[in-house]
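Chain A is the first sequence line, chain B the second, and so forth, proteins listed ahead of strands; every chain is numbered from 1.
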2 protein chains.
Amino acid sequence: MSDKPRVLIVEDEAQIRQFLRLALAAEGCTVLEASRLADGLTLAGDGGVDLVLLDLGLPDGDGIDFIRAYRGWSDGPVLILSARTEERHKIDALDAGADDYLTKPFGIGELHARVRALMRRRARSGVAASPVVEFGEVVVDLARRLVTRRGEPVRLTPIEFRLLAMMLAHPGQVLTQRKLLADIWGPSYVESSHYLRVYVGHLRQKLEDDPTQPRHFLTETGVGYRFQPGS
Amino acid sequence: MSDKPRVLIVEDEAQIRQFLRLALAAEGCTVLEASRLADGLTLAGDGGVDLVLLDLGLPDGDGIDFIRAYRGWSDGPVLILSARTEERHKIDALDAGADDYLTKPFGIGELHARVRALMRRRARSGVAASPVVEFGEVVVDLARRLVTRRGEPVRLTPIEFRLLAMMLAHPGQVLTQRKLLADIWGPSYVESSHYLRVYVGHLRQKLEDDPTQPRHFLTETGVGYRFQPGS
DNA sequence: GGAATTGTTTACGACTTTTTTACACGGAAA
DNA sequence: TTTCCGTGTAAAAAAGTCGTAAACAATTCC
């Protein structure tokens with residue numbers, strides 16, 4: 001099934017990006033690119049990304065925040081590329097959820113080998129298990145970014161889909177408003193809880209049988225929201 | 001379930017071995033050691049090894065062969081430690097099945113972080129079951145923020161839940177009114193013992209079989225309240 | 001450039017939670 | 001018995017939170 005692995009490159013310098021693109025294309029990967037963290041999150045949120053190559057030294061924000069946000073809805077491998085050699089940076093990035101940390105300058109051969117190692121592990125750890133989640137009359141294929149209800153396809157906007165993916169990744173658990181806002185909109189939106197009301201409303205409108213009486217996207221007043229699988 | 005991860009160190013220099021042993025013990029790992037590849041394979045073959053730290057430069061054989069052999073029966077993570085910095089070696093080791101490659105000399109902090117990253121990935125394979133507290137006909141999953149009584153979910157407000165969590169955290173102990181008030185409402189509310197009567201009342205109403213004859217949320221007149229687990 | 005889609009913001013009614021008020025109960029001491 | 005005091009319920013008022021629709025801005029797509 002997983003023919004061509006899809007790799008997302010988040011890197012601001014066009015030159016390095018091209019270098020990486022060519023290197024990965026030679027490995028037989030499909031390459032997605034972003035020059036800013038926000039774009040990277042959006043692309044990653046669109047689904048179907050098997051590996052993220054992330055430059056930590058981006059101008060528009062902290063790469064650590066990217067890792068944390070991404071980890072909010074995905075377990076996919078993340079490989080850090082950075083010019084920073086200090087141990088502190090490596091430790092912080094790895095502990096935030098990165099899988100490997102490569103210091104610039106690096107050999108293209110080593111990059112290839114480390115990418116292969118990560119992909120191999122991904123392939124082994126049951127990605128084949130179940131990329132499809134079902135609840136009620138809804139079927140969600142997170143990898144293909146496909147949502148259907150009673151067999152009919154459902155259109156979701158990027159933000160709606162990310163919110164859905166994040167809730168589906170934590171079934172039965174309460175996700176606090178802070179967590180959702182920080183991982184979907186960014187750490188500076190932690191106070192803007194009205195976004196959640198609007199977008200949870202959208203999800204209920206599109207996916208619940210009776211949006212007035214939600215059975216899967218439940219409100220925990222004063223705390224956050226809970227995704228209830230089943231039936 | 002997997003309390004202490006078991007780590008196998010394959011390294012010939014006793015000094016480095018000790019260094020690694022101490023470093024990993026500090027992380028809360030159980031450490032196995034081997035100074036030759038053959039011994040390492042035997043130990044790994046005995047099972048129960050969650051992570052292998054392997055020095056490539058051993059005198060009694062090629063570490064690459066070790067990896068290949070190990071991969072013959074195990075998918076467990078392998079972290080290479082080596083003095084060799086040439087790219088060729090890294091590529092060969094990674095392609096043979098290693099998951100990470102760290103060049104000596106390395107910082108102990110980075111080693112820790114990379115070990116944690118590998119262990120994290122291993123831990124994710126299994127389904128995380130959160131710890132639950134039970135009493136009477138009530139089951140409380142603090143992590144999921146889920147409370148059920150006779151299988152039926154019970155709705156708790158934020159304050160009710162905090163009060164419950166606090167009492168459950170100190171089973172059998174008397175929690176003074178001052179302590180409860182200070183921790184839940186804030187230090188300036190230590191005199192307002194009235195709140196407690198109202199909210200303990202709510203908990204009894206929602207969780208006790210007979211709210212008039214509480215069996216789990218007991219009053220210690222003049223002092224505070226006590227949570228009585230069991231039955 | 002214009003149309004369609006998406007994201008952001010605002011406003012307001014409905015609902016939930018918290019706080020406050022009121023009063024009844026019961027044991028201990030006078 | 002009466003008078004306290006700390007306690008337990010109920011129900012109100014107040015404060016806060018949530019859901020929805022709709023307008024506006026930004027973006028994307030043709």
Side-chain angles (χ1 to χ4, degrees), chain A residues 34-36 38-39 41-43 45-47 145 147 153-164 167 174-178 180-181 183-186 188-226, chain B residues 145 147 153-164 174-178 180-181 183-186 188-226:
Chain A
S35 57
R36 293 178 308 169
D39 299 344
L41 271 182
T42 307
L43 274 174
D46 284 350
R145 205 188 180 287
V147 182
V154 179
R155 294 180 62 92
L156 292 185
T157 73
I159 288 188
E160 287 165 7
F161 187 78
R162 267 206 271 170
L163 178 57
L164 175 66
M167 300 198 67
V174 174
L175 291 171
T176 65
Q177 304 188 352
R178 292 183 67 86
L180 288 165
L181 288 164
D183 286 4
I184 295 176
W185 278 271
S188 53
Y189 287 73
V190 162
E191 310 282 339
S192 323
S193 61
H194 56 271
Y195 281 45
L196 281 177
R197 290 190 214 110
V198 173
Y199 277 90
V200 171
H202 289 173
L203 284 187
R204 296 209 257 238
Q205 211 68 42
K206 293 183 178 182
L207 301 178
E208 290 275 7
D209 265 349
D210 178 0
T212 319
Q213 300 277 318
R215 299 179 57 200
H216 299 107
F217 300 95
L218 310 181
T219 305
E220 298 283 333
T221 306
V223 184
Y225 293 89
R226 180 206 309 278
Chain B
R145 212 174 189 287
V147 182
V154 179
R155 296 184 64 87
L156 294 185
T157 72
I159 288 189
E160 287 165 6
F161 190 82
R162 270 203 275 169
L163 178 58
L164 174 66
V174 177
L175 290 170
T176 65
Q177 303 189 351
R178 294 182 66 86
L180 287 167
L181 287 163
D183 284 11
I184 296 176
W185 278 271
S188 53
Y189 287 73
V190 285
E191 309 286 338
S192 323
S193 62
H194 189 85
Y195 286 44
L196 280 178
R197 294 195 206 104
V198 173
Y199 277 91
V200 171
H202 287 175
L203 283 188
R204 298 209 257 240
Q205 209 68 42
K206 293 182 177 181
L207 301 178
E208 291 275 7
D209 264 350
D210 179 1
T212 319
Q213 301 279 319
R215 299 178 57 198
H216 299 107
F217 300 97
L218 309 180
T219 305
E220 299 284 336
T221 304
V223 185
Y225 293 89
R226 185 159 57 88

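From A:R162, atom CZ reaches atom OG1 of A:T157 across 10.0 Å, with rounding to the nearest 0.5 Å. If you take OG1 on A:T219 and CD on A:Q177, they are separated by 9.5 Å, rounding to the nearest 0.5 Å. The structure places CD of B:E208 at 8.0 Å from CZ of B:R215, a figure rounded to the nearest 0.5 Å. Atom CG of A:L181 is separated from atom OG1 of A:T176 by 8.5 Å, given to the nearest 0.5 angstrom.
Spacing between atom CZ of B:F217 and atom P of D:dT7 amounts to 18 Å, rounded to whole angstrom units. Nucleotide C:dC15 holds its P atom 19 Å from the CD atom of A:E220, rounded to whole Å. Whole-Å rounding puts the A:D39 CG to D:dT27 P distance at 11 Å. Rounded to a whole Å, the CG atom of A:L196 is 14 Å from the C1' atom of C:dG7. Whole-Å rounding puts the A:Q213 CD to C:dC15 C1' distance at 13 Å. Computed from coordinates, the B:R226 CZ to D:dT7 P distance equals 15 Å when rounded to whole Å. Straight-line distance from the CG atom of A:L163 to the P atom of D:dG19: 12 Å, rounded to whole Å. Straight-line distance from the CG atom of A:L218 to the C1' atom of D:dG19: 15 Å, rounded to whole Å.
Between the side chain of A:R204 and the main chain of A:F217, a donor-acceptor pair closer than 3.5 Å is present. Side-chain atoms of A:R226 come within 3.5 Å of backbone atoms of B:R145 as a donor-acceptor pair (strictly under, hydrogens ignored).
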Checklist line | Under 4.0 Å protein heavy-atom contact, by nucleotide of nucleotides 16-30 of chain C - B base, S sugar-phosphate only | finding: SSBBSBB--------
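OP1 or OP2 of D:dG19 sits under 4.0 Å from a side-chain N or O of A:R204. Taking side-chain N and O atoms only, B:T219 has no distance below 4.0 Å to OP1 or OP2 of D:dG6. Put simply, B:Q177 has a side-chain N or O that comes within less than 4.0 Å of OP1 or OP2 on D:dT7. For the OP1/OP2 pair of D:dC18 and a distance below 4.0 Å, the side-chain nitrogens and oxygens of A:R197 include at least one atom meeting the criterion.
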Per-pair distances, 0.1 Å, donor-acceptor, side chain in residues 191-201 of chain A, under 3.5 Å, sequence neighbours excluded:
| unit_1 | atom_1 | unit_2 | atom_2 | d |
| --- | --- | --- | --- | --- |
| A:S192 | OG | A:Y189 | O | 3.4 |
| A:S193 | OG | A:R197 | NH2 | 3.2 |

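Backbone-only engagement by B:Y225 is indicated by non-hydrogen atom pairs under 4.0 Å involving sugar-phosphate atoms exclusively.
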